[in-house]
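The structure under discussion appears below in the form of C-alpha coordinates.
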Amino acid sequence: MITKQKVQHIAKLARLSLSEKETKKHQKEFSKILDYINELKNIKILKVDEVDYFSSNITKKDEVLKFNKKLIDGYIKVPSILK
Amino acid sequence: MNLTNFTISEIHLGLKEKKFSARELCHSYLTQIKKEDKKILAFLTVSEELALSQAEKIDELISKNRRISLLAGVPATIKDNILVEDIICTAGSKILENYIASYDATVINKLKKQGVVILGKTNLDEFAMGSSTENSAFKTTKNPLDLSRVPGGSSGGSTASVAANMAVYSLGSDTGGSIRLPACFCGVVGLKPTYGAVSRYGLISLASSLDQIGPITKTVEDAKIVFDAIKGRDEFDSTSVEVGEKQKMKSEKFNFKNLKIGIPQEYFIKGIDPEIEKVIKKAIKKYEDLGAKIVEISLPHTKYALPAYYIINPSEASANLARYDGIRFGYSIAKPQINTDKKQMNTDALLDYYLRARWEGFGEEVKRRIMLGTYILSAGYYEDYYLRAQKVKSLIKQDFIKAFKKIDFIITPVSPSLPFKIGERKDPLSMYLNDIYTVSINLAGLPALSLPVGKIGKLSVGLQIIGKWFEEDKIFEIGKIIENK
(Lines give C-alpha, C1' and ligand atoms only; values in the text may rest on other atoms or scores of the structure.)
Protein backbone atom coordinates (compact mmCIF):
# COMPACT_ATOMS: atom_id res chain seq x y z
CA MET A 1 0.00 0.00 0.00
CA ILE A 2 1.13 3.53 -0.78
CA THR A 3 2.41 5.40 2.29
CA LYS A 4 0.65 8.27 4.00
CA GLN A 5 3.67 10.50 3.41
CA LYS A 6 3.55 9.74 -0.31
CA VAL A 7 -0.14 10.69 -0.49
CA GLN A 8 0.58 13.95 1.29
CA HIS A 9 3.50 14.68 -1.01
CA ILE A 10 1.40 14.11 -4.15
CA ALA A 11 -1.37 16.27 -2.68
CA LYS A 12 1.07 19.11 -2.26
CA LEU A 13 2.34 18.72 -5.84
CA ALA A 14 -1.29 18.73 -7.00
CA ARG A 15 -1.98 21.87 -4.94
CA LEU A 16 -4.60 20.14 -2.82
CA SER A 17 -4.82 20.15 0.93
CA LEU A 18 -6.27 16.96 2.38
CA SER A 19 -7.78 16.32 5.77
CA GLU A 20 -6.53 13.38 7.83
CA LYS A 21 -9.67 11.42 6.90
CA GLU A 22 -9.26 12.16 3.18
CA THR A 23 -5.60 11.19 3.27
CA LYS A 24 -6.54 7.79 4.66
CA LYS A 25 -9.30 7.36 2.11
CA HIS A 26 -7.02 8.28 -0.80
CA GLN A 27 -4.36 5.95 0.53
CA LYS A 28 -6.78 3.02 0.34
CA GLU A 29 -8.43 3.86 -2.98
CA PHE A 30 -5.20 4.87 -4.63
CA SER A 31 -3.67 1.49 -4.00
CA LYS A 32 -6.69 -0.29 -5.46
CA ILE A 33 -6.71 1.85 -8.61
CA LEU A 34 -2.94 1.52 -9.04
CA ASP A 35 -3.22 -2.26 -8.76
CA TYR A 36 -5.79 -2.12 -11.52
CA ILE A 37 -3.86 0.07 -13.93
CA ASN A 38 -0.69 -1.89 -13.19
CA GLU A 39 -2.24 -4.56 -15.39
CA LEU A 40 -0.63 -2.68 -18.26
CA LYS A 41 2.77 -3.82 -17.05
CA ASN A 42 1.85 -7.36 -18.11
CA ILE A 43 1.59 -6.46 -21.76
CA LYS A 44 4.63 -7.03 -23.96
CA ILE A 45 5.17 -4.07 -26.20
CA LEU A 46 7.67 -4.86 -28.92
CA LYS A 47 7.44 -2.06 -31.39
CA VAL A 48 4.71 0.50 -31.60
CA ASP A 49 4.28 3.16 -34.22
CA GLU A 50 3.85 6.66 -32.92
CA VAL A 51 0.34 7.62 -32.00
CA ASP A 52 -0.87 9.75 -34.86
CA TYR A 53 -3.14 12.67 -34.30
CA PHE A 54 -5.15 14.33 -36.98
CA SER A 55 -3.80 17.73 -36.23
CA SER A 56 -2.39 20.59 -38.18
CA ASN A 57 -0.89 23.80 -36.98
CA ILE A 58 -2.54 27.12 -37.29
CA THR A 59 -0.27 30.12 -37.29
CA LYS A 60 -1.67 33.52 -36.73
CA LYS A 61 1.39 35.43 -37.84
CA ASP A 62 -0.61 38.15 -39.55
CA GLU A 63 -2.57 38.90 -36.43
CA VAL A 64 0.54 39.16 -34.31
CA LEU A 65 2.09 41.52 -36.83
CA LYS A 66 -1.04 43.64 -36.90
CA PHE A 67 -0.33 44.72 -33.34
CA ASN A 68 3.46 44.64 -33.41
CA LYS A 69 4.72 46.15 -36.55
CA LYS A 70 8.33 46.49 -35.50
CA LEU A 71 10.40 43.63 -36.84
CA ILE A 72 14.11 43.45 -36.18
CA ASP A 73 15.99 40.59 -37.86
CA GLY A 74 12.76 38.59 -37.97
CA TYR A 75 12.04 39.18 -34.26
CA ILE A 76 9.09 41.16 -33.00
CA LYS A 77 10.02 44.10 -30.82
CA VAL A 78 7.89 44.49 -27.70
CA PRO A 79 8.18 46.89 -24.75
CA SER A 80 10.56 45.71 -22.03
CA ILE A 81 8.92 44.37 -18.90
CA LEU A 82 11.97 43.73 -16.71
CA LYS A 83 14.29 46.41 -15.50
CA MET B 1 -51.69 20.89 -28.72
CA ASN B 2 -48.67 19.15 -27.21
CA LEU B 3 -45.65 20.54 -28.99
CA THR B 4 -42.93 18.71 -27.10
CA ASN B 5 -42.88 15.47 -29.01
CA PHE B 6 -41.73 16.50 -32.48
CA THR B 7 -38.61 15.68 -34.43
CA ILE B 8 -36.51 18.44 -35.97
CA SER B 9 -38.01 17.99 -39.46
CA GLU B 10 -41.55 18.05 -38.05
CA ILE B 11 -40.82 21.30 -36.22
CA HIS B 12 -39.30 22.81 -39.34
CA LEU B 13 -42.40 21.95 -41.34
CA GLY B 14 -44.71 23.15 -38.56
CA LEU B 15 -42.96 26.52 -38.39
CA LYS B 16 -42.92 26.97 -42.15
CA GLU B 17 -46.60 26.10 -42.48
CA LYS B 18 -47.35 28.35 -39.49
CA LYS B 19 -49.03 25.57 -37.53
CA PHE B 20 -47.31 27.03 -34.47
CA SER B 21 -44.84 29.81 -33.83
CA ALA B 22 -41.30 29.45 -32.50
CA ARG B 23 -42.46 31.38 -29.42
CA GLU B 24 -45.31 28.96 -28.78
CA LEU B 25 -42.96 26.06 -29.21
CA CYS B 26 -40.44 27.60 -26.83
CA HIS B 27 -43.23 28.24 -24.31
CA SER B 28 -44.37 24.62 -24.45
CA TYR B 29 -40.86 23.48 -23.63
CA LEU B 30 -40.40 26.00 -20.81
CA THR B 31 -43.74 24.83 -19.33
CA GLN B 32 -42.64 21.22 -19.65
CA ILE B 33 -39.37 22.07 -17.87
CA LYS B 34 -41.24 23.81 -15.04
CA LYS B 35 -43.46 20.77 -14.64
CA GLU B 36 -41.01 17.91 -15.15
CA ASP B 37 -37.67 19.16 -13.92
CA LYS B 38 -38.87 19.28 -10.30
CA LYS B 39 -38.54 15.52 -10.27
CA ILE B 40 -35.86 14.90 -12.94
CA LEU B 41 -33.38 17.66 -11.90
CA ALA B 42 -31.70 17.79 -15.31
CA PHE B 43 -31.09 21.56 -15.44
CA LEU B 44 -28.46 23.68 -13.75
CA THR B 45 -29.60 26.87 -15.52
CA VAL B 46 -32.83 27.57 -17.39
CA SER B 47 -32.13 30.41 -19.82
CA GLU B 48 -35.73 31.50 -20.36
CA GLU B 49 -34.93 35.03 -21.45
CA LEU B 50 -32.34 33.96 -24.01
CA ALA B 51 -34.63 31.21 -25.35
CA LEU B 52 -37.61 33.51 -25.83
CA SER B 53 -35.55 36.22 -27.52
CA GLN B 54 -34.03 33.65 -29.88
CA ALA B 55 -37.50 32.26 -30.67
CA GLU B 56 -38.87 35.72 -31.39
CA LYS B 57 -36.12 36.35 -33.91
CA ILE B 58 -37.12 33.21 -35.79
CA ASP B 59 -40.79 34.25 -35.78
CA GLU B 60 -39.75 37.58 -37.23
CA LEU B 61 -37.92 35.85 -40.08
CA ILE B 62 -40.93 33.63 -40.75
CA SER B 63 -43.31 36.59 -40.76
CA LYS B 64 -41.11 38.20 -43.40
CA ASN B 65 -41.23 34.99 -45.42
CA ARG B 66 -37.48 34.54 -45.13
CA ARG B 67 -35.93 31.15 -45.57
CA ILE B 68 -35.11 29.48 -42.27
CA SER B 69 -32.63 26.69 -41.67
CA LEU B 70 -33.63 23.22 -40.51
CA LEU B 71 -32.57 23.91 -36.92
CA ALA B 72 -34.12 27.38 -36.69
CA GLY B 73 -36.43 27.72 -33.70
CA VAL B 74 -35.69 24.20 -32.49
CA PRO B 75 -35.29 24.22 -28.67
CA ALA B 76 -32.14 22.59 -27.33
CA THR B 77 -30.20 22.14 -24.12
CA ILE B 78 -26.43 22.33 -23.69
CA LYS B 79 -24.26 20.35 -21.30
CA ASP B 80 -22.88 22.73 -18.71
CA ASN B 81 -19.26 22.28 -19.77
CA ILE B 82 -19.83 23.98 -23.15
CA LEU B 83 -19.62 27.77 -23.11
CA VAL B 84 -22.62 29.91 -24.06
CA GLU B 85 -21.76 33.59 -23.93
CA ASP B 86 -23.13 35.47 -20.88
CA ILE B 87 -24.61 32.31 -19.33
CA ILE B 88 -23.17 30.72 -16.20
CA CYS B 89 -21.03 27.67 -16.99
CA THR B 90 -20.21 25.56 -13.93
CA ALA B 91 -18.99 22.22 -15.34
CA GLY B 92 -20.91 20.85 -12.35
CA SER B 93 -18.22 22.18 -10.02
CA LYS B 94 -18.28 24.52 -7.06
CA ILE B 95 -15.02 26.03 -8.26
CA LEU B 96 -16.89 27.48 -11.27
CA GLU B 97 -20.21 28.23 -9.55
CA ASN B 98 -20.00 31.94 -10.39
CA TYR B 99 -18.26 31.70 -13.73
CA ILE B 100 -20.07 33.46 -16.57
CA ALA B 101 -18.85 32.37 -20.00
CA SER B 102 -17.19 35.22 -21.86
CA TYR B 103 -17.55 33.73 -25.33
CA ASP B 104 -19.45 31.11 -27.34
CA ALA B 105 -17.95 27.69 -28.01
CA THR B 106 -17.55 27.06 -31.74
CA VAL B 107 -20.43 24.56 -31.69
CA ILE B 108 -22.68 27.19 -30.05
CA ASN B 109 -21.60 29.76 -32.58
CA LYS B 110 -22.57 27.38 -35.36
CA LEU B 111 -25.94 26.54 -33.78
CA LYS B 112 -26.71 30.23 -33.21
CA LYS B 113 -26.12 30.88 -36.89
CA GLN B 114 -28.73 28.19 -37.57
CA GLY B 115 -31.21 29.88 -35.23
CA VAL B 116 -31.03 27.63 -32.16
CA VAL B 117 -33.26 28.29 -29.15
CA ILE B 118 -31.19 27.53 -26.03
CA LEU B 119 -33.44 26.44 -23.14
CA GLY B 120 -30.68 25.97 -20.60
CA LYS B 121 -27.58 24.25 -19.34
CA THR B 122 -27.74 20.68 -18.13
CA ASN B 123 -26.27 18.81 -15.21
CA LEU B 124 -23.17 16.62 -15.42
CA ASP B 125 -20.62 14.85 -13.28
CA GLU B 126 -18.15 17.46 -12.07
CA PHE B 127 -15.85 18.29 -15.01
CA ALA B 128 -17.45 15.32 -16.83
CA MET B 129 -15.72 12.86 -14.51
CA GLY B 130 -18.18 10.08 -13.88
CA SER B 131 -20.66 7.61 -15.32
CA SER B 132 -23.79 8.46 -13.34
CA THR B 133 -24.14 12.27 -12.93
CA GLU B 134 -23.98 11.66 -9.17
CA ASN B 135 -20.66 13.52 -8.99
CA SER B 136 -22.25 16.91 -9.74
CA ALA B 137 -21.60 19.45 -6.98
CA PHE B 138 -25.17 20.70 -7.28
CA LYS B 139 -27.70 17.89 -7.76
CA THR B 140 -28.23 14.29 -8.83
CA THR B 141 -30.26 13.96 -12.01
CA LYS B 142 -32.82 11.16 -12.09
CA ASN B 143 -33.41 8.71 -14.92
CA PRO B 144 -36.76 9.66 -16.55
CA LEU B 145 -37.47 5.96 -17.23
CA ASP B 146 -37.17 5.11 -13.51
CA LEU B 147 -36.67 7.91 -11.01
CA SER B 148 -34.86 5.69 -8.51
CA ARG B 149 -32.05 5.07 -11.00
CA VAL B 150 -29.16 7.11 -12.39
CA PRO B 151 -29.41 8.60 -15.90
CA GLY B 152 -25.83 7.54 -16.66
CA GLY B 153 -23.06 10.04 -17.14
CA SER B 154 -21.43 12.26 -17.50
CA SER B 155 -23.94 13.94 -19.87
CA GLY B 156 -26.85 12.71 -17.72
CA GLY B 157 -28.64 16.07 -17.57
CA SER B 158 -28.55 16.34 -21.36
CA THR B 159 -29.90 12.86 -22.03
CA ALA B 160 -32.55 13.17 -19.31
CA SER B 161 -33.72 16.51 -20.73
CA VAL B 162 -34.25 14.91 -24.15
CA ALA B 163 -35.81 11.72 -22.76
CA ALA B 164 -38.30 13.72 -20.65
CA ASN B 165 -39.33 15.93 -23.60
CA MET B 166 -37.70 19.00 -22.06
CA ALA B 167 -35.64 19.57 -25.23
CA VAL B 168 -35.65 18.39 -28.83
CA TYR B 169 -31.93 17.75 -28.72
CA SER B 170 -28.91 18.41 -26.58
CA LEU B 171 -25.17 18.72 -26.95
CA GLY B 172 -23.02 16.54 -24.73
CA SER B 173 -19.36 15.66 -24.55
CA ASP B 174 -17.81 12.20 -24.65
CA THR B 175 -14.34 11.40 -23.28
CA GLY B 176 -14.82 7.72 -22.42
CA GLY B 177 -18.54 7.16 -23.03
CA SER B 178 -20.14 10.28 -21.56
CA ILE B 179 -22.62 10.68 -24.42
CA ARG B 180 -23.21 7.02 -25.26
CA LEU B 181 -23.71 5.62 -21.77
CA PRO B 182 -26.34 8.15 -20.59
CA ALA B 183 -28.05 7.96 -24.01
CA CYS B 184 -28.25 4.19 -23.49
CA PHE B 185 -29.52 4.53 -19.90
CA CYS B 186 -32.19 7.13 -20.81
CA GLY B 187 -33.32 5.43 -24.04
CA VAL B 188 -32.25 8.15 -26.50
CA VAL B 189 -29.80 8.41 -29.41
CA GLY B 190 -26.25 9.69 -28.85
CA LEU B 191 -23.30 10.11 -31.18
CA LYS B 192 -19.64 10.31 -30.24
CA PRO B 193 -18.09 11.71 -33.44
CA THR B 194 -14.63 10.87 -34.81
CA TYR B 195 -11.91 12.68 -32.85
CA GLY B 196 -11.41 15.90 -34.78
CA ALA B 197 -14.79 15.96 -36.53
CA VAL B 198 -16.18 18.59 -34.17
CA SER B 199 -14.29 21.57 -32.72
CA ARG B 200 -13.56 21.45 -29.00
CA TYR B 201 -13.06 25.20 -28.73
CA GLY B 202 -15.15 26.40 -25.80
CA LEU B 203 -15.52 22.95 -24.26
CA ILE B 204 -14.12 22.82 -20.73
CA SER B 205 -11.30 20.32 -21.17
CA LEU B 206 -11.17 16.99 -19.39
CA ALA B 207 -8.74 14.80 -21.38
CA SER B 208 -7.92 16.77 -24.50
CA SER B 209 -6.71 13.84 -26.61
CA LEU B 210 -10.05 12.04 -26.11
CA ASP B 211 -12.79 14.71 -25.68
CA GLN B 212 -15.42 15.17 -28.40
CA ILE B 213 -18.71 17.09 -28.49
CA GLY B 214 -21.68 15.29 -30.00
CA PRO B 215 -25.48 15.32 -30.39
CA ILE B 216 -28.11 13.67 -28.16
CA THR B 217 -31.48 13.26 -29.84
CA LYS B 218 -34.62 11.15 -30.04
CA THR B 219 -34.03 9.86 -33.57
CA VAL B 220 -31.05 8.98 -35.76
CA GLU B 221 -32.23 11.47 -38.38
CA ASP B 222 -32.09 14.26 -35.79
CA ALA B 223 -28.60 13.19 -34.70
CA LYS B 224 -27.47 13.53 -38.30
CA ILE B 225 -29.00 16.99 -38.66
CA VAL B 226 -27.31 18.28 -35.49
CA PHE B 227 -23.98 16.61 -36.32
CA ASP B 228 -23.98 18.19 -39.78
CA ALA B 229 -24.55 21.58 -38.17
CA ILE B 230 -21.66 21.38 -35.69
CA LYS B 231 -18.94 19.45 -37.54
CA GLY B 232 -15.96 20.80 -39.45
CA ARG B 233 -12.58 22.43 -39.28
CA ASP B 234 -12.19 25.30 -36.84
CA GLU B 235 -9.19 27.58 -36.72
CA PHE B 236 -9.45 27.67 -32.92
CA ASP B 237 -8.93 23.91 -32.54
CA SER B 238 -5.86 22.56 -34.30
CA THR B 239 -7.08 18.95 -33.91
CA SER B 240 -10.27 19.66 -35.86
CA VAL B 241 -10.49 18.66 -39.50
CA GLU B 242 -12.83 19.20 -42.39
CA VAL B 243 -14.89 16.10 -43.03
CA GLY B 244 -14.03 15.77 -46.69
CA GLU B 245 -16.21 15.16 -49.69
CA LYS B 246 -14.67 11.72 -50.00
CA GLN B 247 -16.28 10.59 -46.79
CA LYS B 248 -19.68 11.87 -47.78
CA MET B 249 -22.31 9.22 -48.08
CA LYS B 250 -23.66 8.57 -51.53
CA SER B 251 -27.42 8.81 -51.66
CA GLU B 252 -27.81 5.22 -52.77
CA LYS B 253 -28.96 2.82 -50.08
CA PHE B 254 -26.81 0.07 -48.66
CA ASN B 255 -26.74 -3.20 -50.38
CA PHE B 256 -27.05 -5.52 -47.43
CA LYS B 257 -25.81 -8.44 -49.47
CA ASN B 258 -22.28 -7.02 -49.38
CA LEU B 259 -22.38 -5.61 -45.90
CA LYS B 260 -20.19 -7.19 -43.25
CA ILE B 261 -20.79 -6.52 -39.58
CA GLY B 262 -18.13 -7.47 -37.05
CA ILE B 263 -18.92 -8.77 -33.59
CA PRO B 264 -15.88 -8.60 -31.30
CA GLN B 265 -15.59 -11.81 -29.30
CA GLU B 266 -13.93 -9.93 -26.42
CA TYR B 267 -17.12 -7.91 -25.83
CA PHE B 268 -19.38 -10.84 -25.07
CA ILE B 269 -17.66 -12.41 -22.12
CA LYS B 270 -18.51 -12.71 -18.44
CA GLY B 271 -19.74 -9.58 -16.74
CA ILE B 272 -22.45 -8.68 -19.23
CA ASP B 273 -26.05 -8.86 -18.01
CA PRO B 274 -27.51 -11.93 -19.85
CA GLU B 275 -30.76 -10.05 -20.55
CA ILE B 276 -28.84 -7.24 -22.26
CA GLU B 277 -26.91 -9.81 -24.27
CA LYS B 278 -30.21 -11.29 -25.45
CA VAL B 279 -31.53 -7.92 -26.68
CA ILE B 280 -28.24 -7.16 -28.47
CA LYS B 281 -28.17 -10.61 -30.13
CA LYS B 282 -31.72 -10.01 -31.34
CA ALA B 283 -30.65 -6.72 -32.93
CA ILE B 284 -27.73 -8.46 -34.62
CA LYS B 285 -30.15 -11.08 -35.94
CA LYS B 286 -32.23 -8.32 -37.53
CA TYR B 287 -29.23 -7.16 -39.54
CA GLU B 288 -28.54 -10.75 -40.53
CA ASP B 289 -32.16 -11.19 -41.67
CA LEU B 290 -31.75 -8.11 -43.85
CA GLY B 291 -28.87 -9.87 -45.61
CA ALA B 292 -25.80 -8.57 -43.79
CA LYS B 293 -23.02 -11.00 -43.11
CA ILE B 294 -22.15 -11.33 -39.43
CA VAL B 295 -18.45 -11.93 -38.85
CA GLU B 296 -16.82 -12.72 -35.53
CA ILE B 297 -13.74 -10.56 -35.07
CA SER B 298 -11.06 -10.18 -32.44
CA LEU B 299 -9.81 -6.99 -30.83
CA PRO B 300 -7.06 -8.59 -28.76
CA HIS B 301 -6.04 -5.53 -26.73
CA THR B 302 -9.57 -4.85 -25.45
CA LYS B 303 -8.79 -5.80 -21.87
CA TYR B 304 -6.07 -3.17 -21.66
CA ALA B 305 -8.33 -0.34 -22.82
CA LEU B 306 -9.81 0.49 -19.43
CA PRO B 307 -6.52 0.57 -17.47
CA ALA B 308 -4.93 2.64 -20.27
CA TYR B 309 -7.91 4.99 -20.23
CA TYR B 310 -7.67 5.46 -16.46
CA ILE B 311 -4.04 6.49 -16.91
CA ILE B 312 -4.52 8.90 -19.80
CA ASN B 313 -7.69 10.50 -18.45
CA PRO B 314 -6.42 11.49 -14.96
CA SER B 315 -3.04 12.54 -16.38
CA GLU B 316 -4.50 14.97 -18.88
CA ALA B 317 -7.19 16.04 -16.41
CA SER B 318 -4.65 16.91 -13.72
CA ALA B 319 -2.85 19.18 -16.18
CA ASN B 320 -6.06 20.72 -17.54
CA LEU B 321 -7.45 21.43 -14.08
CA ALA B 322 -4.30 23.17 -12.84
CA ARG B 323 -5.82 26.45 -14.06
CA TYR B 324 -8.53 26.42 -11.37
CA ASP B 325 -6.67 28.13 -8.59
CA GLY B 326 -9.40 30.07 -6.81
CA ILE B 327 -8.17 33.34 -8.29
CA ARG B 328 -9.17 33.10 -11.91
CA PHE B 329 -12.67 31.90 -12.95
CA GLY B 330 -14.80 33.30 -10.17
CA TYR B 331 -14.44 31.09 -7.14
CA SER B 332 -12.72 32.38 -4.07
CA ILE B 333 -12.45 30.85 -0.64
CA ALA B 334 -14.92 31.94 1.99
CA LYS B 335 -12.56 33.57 4.49
CA PRO B 336 -9.03 34.06 3.22
CA GLN B 337 -6.67 34.33 6.14
CA ILE B 338 -5.25 37.76 5.87
CA ASN B 339 -2.01 37.93 7.70
CA THR B 340 -0.98 41.43 8.53
CA ASP B 341 2.49 40.41 9.55
CA LYS B 342 4.58 41.48 6.58
CA LYS B 343 7.02 38.63 6.91
CA GLN B 344 4.18 36.16 6.35
CA MET B 345 3.06 37.77 3.11
CA ASN B 346 5.22 35.53 1.02
CA THR B 347 4.78 32.61 -1.33
CA ASP B 348 3.59 30.37 1.49
CA ALA B 349 0.51 32.52 1.86
CA LEU B 350 -0.22 32.12 -1.85
CA LEU B 351 0.41 28.38 -1.71
CA ASP B 352 -1.94 28.09 1.26
CA TYR B 353 -4.55 29.97 -0.70
CA TYR B 354 -4.29 27.54 -3.64
CA LEU B 355 -4.37 24.52 -1.36
CA ARG B 356 -7.47 25.72 0.40
CA ALA B 357 -9.35 27.01 -2.65
CA ARG B 358 -8.82 23.77 -4.53
CA TRP B 359 -9.70 21.69 -1.48
CA GLU B 360 -12.95 23.62 -1.03
CA GLY B 361 -13.79 23.98 -4.70
CA PHE B 362 -13.26 20.46 -6.05
CA GLY B 363 -15.34 17.39 -5.30
CA GLU B 364 -14.10 13.96 -4.31
CA GLU B 365 -13.79 12.33 -7.74
CA VAL B 366 -12.04 15.36 -9.20
CA LYS B 367 -9.50 15.36 -6.38
CA ARG B 368 -9.01 11.63 -6.83
CA ARG B 369 -8.18 12.05 -10.52
CA ILE B 370 -5.97 15.09 -9.99
CA MET B 371 -4.04 13.11 -7.38
CA LEU B 372 -3.79 10.07 -9.61
CA GLY B 373 -2.72 12.12 -12.63
CA THR B 374 -0.12 14.02 -10.62
CA TYR B 375 1.31 10.75 -9.35
CA ILE B 376 1.38 9.14 -12.80
CA LEU B 377 3.09 12.12 -14.39
CA SER B 378 5.61 12.61 -11.59
CA ALA B 379 9.27 11.82 -12.11
CA GLY B 380 10.03 8.12 -12.23
CA TYR B 381 6.53 7.02 -13.16
CA TYR B 382 5.94 8.77 -16.47
CA GLU B 383 7.41 6.00 -18.62
CA ASP B 384 5.78 3.20 -16.66
CA TYR B 385 2.36 4.71 -16.91
CA TYR B 386 1.60 7.55 -19.31
CA LEU B 387 4.01 6.58 -22.07
CA ARG B 388 3.02 2.94 -21.79
CA ALA B 389 -0.66 3.84 -21.91
CA GLN B 390 -0.05 5.88 -25.06
CA LYS B 391 1.57 2.86 -26.68
CA VAL B 392 -1.36 0.70 -25.67
CA LYS B 393 -3.60 3.35 -27.21
CA SER B 394 -1.75 2.79 -30.50
CA LEU B 395 -2.12 -0.97 -30.21
CA ILE B 396 -5.87 -0.60 -29.65
CA LYS B 397 -6.11 1.59 -32.72
CA GLN B 398 -4.16 -1.01 -34.71
CA ASP B 399 -6.68 -3.66 -33.61
CA PHE B 400 -9.46 -1.60 -35.17
CA ILE B 401 -7.50 -0.85 -38.35
CA LYS B 402 -6.96 -4.57 -38.85
CA ALA B 403 -10.60 -5.39 -38.10
CA PHE B 404 -11.93 -2.76 -40.50
CA LYS B 405 -10.02 -4.37 -43.38
CA LYS B 406 -12.48 -7.27 -43.21
CA ILE B 407 -15.70 -5.62 -42.10
CA ASP B 408 -17.72 -2.41 -42.51
CA PHE B 409 -19.12 -1.87 -39.02
CA ILE B 410 -18.70 -3.21 -35.53
CA ILE B 411 -21.65 -3.80 -33.26
CA THR B 412 -21.44 -4.11 -29.46
CA PRO B 413 -23.54 -3.33 -26.39
CA VAL B 414 -23.10 0.16 -24.90
CA SER B 415 -23.20 -0.94 -21.27
CA PRO B 416 -22.69 -4.30 -19.56
CA SER B 417 -25.42 -3.49 -17.02
CA LEU B 418 -28.79 -1.76 -16.77
CA PRO B 419 -28.99 1.68 -15.08
CA PHE B 420 -28.11 1.19 -11.43
CA LYS B 421 -29.87 2.66 -8.40
CA ILE B 422 -28.83 6.09 -7.21
CA GLY B 423 -26.17 5.67 -4.51
CA GLU B 424 -25.63 2.00 -5.33
CA ARG B 425 -22.06 2.22 -6.62
CA LYS B 426 -19.83 3.73 -3.99
CA ASP B 427 -16.50 2.20 -4.97
CA PRO B 428 -14.80 4.28 -7.69
CA LEU B 429 -13.39 1.22 -9.44
CA SER B 430 -16.83 -0.42 -9.83
CA MET B 431 -18.01 2.83 -11.43
CA TYR B 432 -15.05 2.86 -13.84
CA LEU B 433 -15.85 -0.69 -14.99
CA ASN B 434 -19.14 0.46 -16.44
CA ASP B 435 -17.20 2.16 -19.27
CA ILE B 436 -15.78 -1.13 -20.53
CA TYR B 437 -17.50 -1.02 -23.96
CA THR B 438 -17.07 2.67 -24.63
CA VAL B 439 -13.50 3.73 -23.76
CA SER B 440 -11.76 1.80 -26.57
CA ILE B 441 -13.63 3.94 -29.08
CA ASN B 442 -12.22 7.16 -27.61
CA LEU B 443 -8.71 5.70 -27.45
CA ALA B 444 -8.97 4.76 -31.14
CA GLY B 445 -10.60 8.11 -32.03
CA LEU B 446 -13.49 6.33 -33.79
CA PRO B 447 -17.11 7.46 -34.25
CA ALA B 448 -19.84 5.46 -32.51
CA LEU B 449 -23.60 5.73 -32.12
CA SER B 450 -25.63 4.64 -29.12
CA LEU B 451 -29.09 3.57 -30.23
CA PRO B 452 -31.99 2.20 -28.15
CA VAL B 453 -32.94 -1.24 -29.51
CA GLY B 454 -35.04 -2.86 -26.81
CA LYS B 455 -36.52 -2.73 -23.35
CA ILE B 456 -36.16 -4.73 -20.20
CA GLY B 457 -39.12 -3.73 -18.02
CA LYS B 458 -39.16 0.08 -17.94
CA LEU B 459 -35.47 0.30 -18.80
CA SER B 460 -33.83 0.68 -22.18
CA VAL B 461 -30.99 -1.25 -23.83
CA GLY B 462 -28.55 0.49 -26.16
CA LEU B 463 -26.70 -0.85 -29.19
CA GLN B 464 -23.32 0.64 -30.09
CA ILE B 465 -22.59 0.96 -33.81
CA ILE B 466 -18.94 1.72 -34.49
CA GLY B 467 -17.88 2.90 -37.94
CA LYS B 468 -14.65 3.79 -39.66
CA TRP B 469 -13.00 7.14 -39.02
CA PHE B 470 -15.10 10.04 -40.40
CA GLU B 471 -17.83 7.74 -41.66
CA GLU B 472 -20.57 9.04 -39.37
CA ASP B 473 -22.97 9.23 -42.32
CA LYS B 474 -22.75 5.50 -42.87
CA ILE B 475 -23.35 4.85 -39.18
CA PHE B 476 -26.53 6.94 -39.40
CA GLU B 477 -27.75 4.87 -42.36
CA ILE B 478 -27.10 1.62 -40.52
CA GLY B 479 -28.81 2.99 -37.43
CA LYS B 480 -31.92 4.17 -39.27
CA ILE B 481 -32.57 0.73 -40.69
CA ILE B 482 -32.94 -0.87 -37.30
CA GLU B 483 -34.54 2.10 -35.52
CA ASN B 484 -38.11 1.40 -34.35
CA LYS B 485 -37.96 -2.11 -35.69
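What you are looking at is a predicted structure, and each value in this text was computed from that prediction instead of being measured. What's counted below: heavy atoms across the whole structure, side chains too, no hydrogens, waters or symmetry copies. In the text below, chain A, chain B and the rest are named by the order of the sequence lines, each starting its count at 1.
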When you measure from the side chain of A/Ser17 to the backbone of B/Leu355, do you find a donor-acceptor pair of N or O atoms at a distance under 3.5 Å?
yes
To the nearest 0.5 angstrom, please state how far the [atom1] atom of [X] sits from the [atom2] atom of [Y].
{"X": "A/Lys12", "Y": "B/Thr374", "atom1": "NZ", "atom2": "OG1", "result": "14.0 Å"}
{"X": "B/Arg369", "Y": "A/Ile33", "atom1": "CZ", "atom2": "CD1", "result": "9.0 Å"}
{"X": "B/Lys367", "Y": "A/His26", "atom1": "NZ", "atom2": "NE2", "result": "6.5 Å"}
{"X": "A/Glu29", "Y": "B/Met371", "atom1": "CD", "atom2": "CE", "result": "10.5 Å"}
{"X": "A/Leu16", "Y": "B/Glu360", "atom1": "CG", "atom2": "CD", "result": "12.0 Å"}
{"X": "B/Lys391", "Y": "A/Leu40", "atom1": "NZ", "atom2": "CG", "result": "12.0 Å"}

Below 4.5 Å from any heavy atom of chain A, which atoms of [X] appear? Answer side chain, backbone, both or neither.
{"X": "B/Tyr309", "result": "neither"}
{"X": "B/Ile376", "result": "side chain"}
{"X": "B/Ala389", "result": "both"}
{"X": "B/Tyr324", "result": "neither"}

Side-chain heavy atoms of [X] within contact of [Y], under 4.5 Å:
{"X": "B/Leu433", "Y": "A/Tyr36", "answer": "yes"}
{"X": "A/Lys32", "Y": "B/Asp427", "answer": "yes"}
{"X": "A/Arg15", "Y": "B/Ile370", "answer": "no"}
{"X": "B/Leu372", "Y": "A/Leu34", "answer": "yes"}
{"X": "B/Tyr375", "Y": "A/Phe30", "answer": "yes"}
{"X": "A/Glu39", "Y": "B/Leu306", "answer": "no"}

Taking atom NZ as the centre, does A/Lys21 end up with more than 12 heavy-atom neighbours from other residues, nucleotides or ligands that are less than 6.0 angstrom away?
no
Ranking B/Tyr385, B/Tyr354, B/Tyr310 by heavy-atom pairs under 4.5 Å to chain A gives rank one to B/Tyr385
